[in-house]
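Here, residue 1 is the first one in the sequence, and each next residue gets the next number. Just so it is clear, the model here is predicted, and its values are computed rather than measured.
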Amino acid sequence: MGPEQEGNIMAKGDVDTYHEGDSWKNKIEGNSRASGVFDTKAEAVAAGRDRARADGVEHVVKKLDGTIGGKNSYGEDKFPPRG
């Protein structure tokens, strides 16, 4: 399987990668449906990362149990580290 796009225009929200049923999916915050459906987590994470980089938003990757496994921000951080 490959990504299933919801038209050409998507909301500029964070990208959420998660498992549902027998598939890994990417969903853009604010959309009601998944923007991509994949056979493997690796495929979904790669596509989600690419989308988050292109949109300059955060990518949240969830584990099989639904808990957050990792986050990466590709835009302007709301709370950048002091240093």
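Residues forming a salt bridge (charged side-chain N to carboxylate O under 4.0 Å, His left out) with K63 (at least two apart in sequence, or on another chain): none.
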Report task. Go through V15 and E29 one step at a time and tell me if the side chain to side chain contact (heavy atoms under 4.5 Å, CB included) criterion holds. Result -> CA-CA 6 Å; V15 179; E29 183 181 318; over 6 Å; no
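Remark: side-chain polar atoms of D55 are not paired, donor with acceptor, to backbone N or O of V57 under 3.5 angstrom. Side chain of S23 to main chain of D39: no donor-acceptor pair is present (N/O by atom type, distance under 3.5 Å, no hydrogens or angles). Side-chain N or O atoms of N72 include none that pairs as donor or acceptor with a backbone N or O of H59 at under 3.5 Å.
The OG atom of S73 sits 8.0 Å away from the CG atom of D14 when rounded to the nearest 0.5 Å. Within the model, atoms CD1 of I68 and OG1 of T17 stand 12.0 Å from one another, a figure rounded to the nearest 0.5 Å. A distance of 13.5 Å separates NZ of K62 from NZ of K25, quoted to the nearest 0.5 Å.
Across E58 and V60, no two heavy atoms sit closer than the pair OE2-CG2, 3.7 Å. Taking both residues in full, the closest heavy atoms of F38 and N26 are given as CE1-ND2, 3.4 Å, listed atom of the first, atom of the second, then distance. Of all heavy-atom pairs between W24 and T40, the closest is CD1-C, 3.5 Å.
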